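Report on the following structure.
For ligands, and for the atoms within them, numbers begin at 1 and follow the listed sequence. Here the structure is a predicted model, which is why all the values come from computation and not from measurement.
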Amino acid sequence: MISKKMQDALNEQINAELYSSYLYLSMEAAFEAMNLPGMAKWMRAQTQEEIVHAMKLYDFVNERGSKVTLKAIDGPQVEWPSALAVFEAAYAHEQKVTGLINELVNLAVEEKDHATNSFLQWFVNEQVEEEASASDVVAKLKMVENAPGGLFMIDQELGQRVFAPPTTQGDQ
Ligand SMILES: [Fe+2]
Ligand SMILES: [Fe+2]
């Protein structure tokens, strides 16, 4: 059993992951409107990954005999001035989420909730990857400075990304 405080914090994180999914879906729509289908596809994979994150938390809360409580999801930003601006926003968002995960770990440590702490380590590691993949694209887009040829090439490259659904619980 986890404490009420931990339960509330994990429920907040379910909301934050679903919001992330919603934000990336909005970014996908922005890329569709910019005629950058590869970047749109990259965002679709990101959207699906965030749902996996939310479901991991959802399952964990249930598994620990706690109660999942869903709340309204905020509306995401819907327009960005450039492809670079979208990925900069994605990178900033992942940095914010890393902060939220760190807060959750701090709470688990404070409460001596070792099981939740152990569970959260997956997210700690995942955030390292999440930040790296977004900042990698930001660096590439800065290099081409929105030149059409460069954008086209990066779009092709990002279009290679495929979402791999988790095969078993605890995977992905
Ligand atoms: Fe996430
Ligand atoms: Fe993420």
Any link between W122 and L10 through a network of hydrophobic side chains (Ile, Leu, Val, Met, Phe, Trp, Tyr) touching at under 4.5 Å? yes

Please identify which of these residues, Y24, F31, Y91, meets the side chain to side chain contact (heavy atoms under 4.5 Å, CB included) condition with V86. F31

Nearest-0.5 Å distance that lies between atom CD1 in I154 and atom CG in L141: 4.5 Å

Contacts of V124 meeting side-chain contact (heavy atoms from CB on, under 4.5 Å) (sequence neighbours excluded), chain-then-number -> I101, V105, Q121

Using 2.8 Å as the cut-off, count the protein N, O or S atoms closer than that to the Fe ion (ligand 1). 3

For atom CZ of R64, is the number of surrounding heavy atoms from other residues, nucleotides or ligands below 6.0 Å larger than 12? yes

Would you call the rings of W42 and F87 parallel, tilted or perpendicular, taking 30° and 60° as the class edges? perpendicular

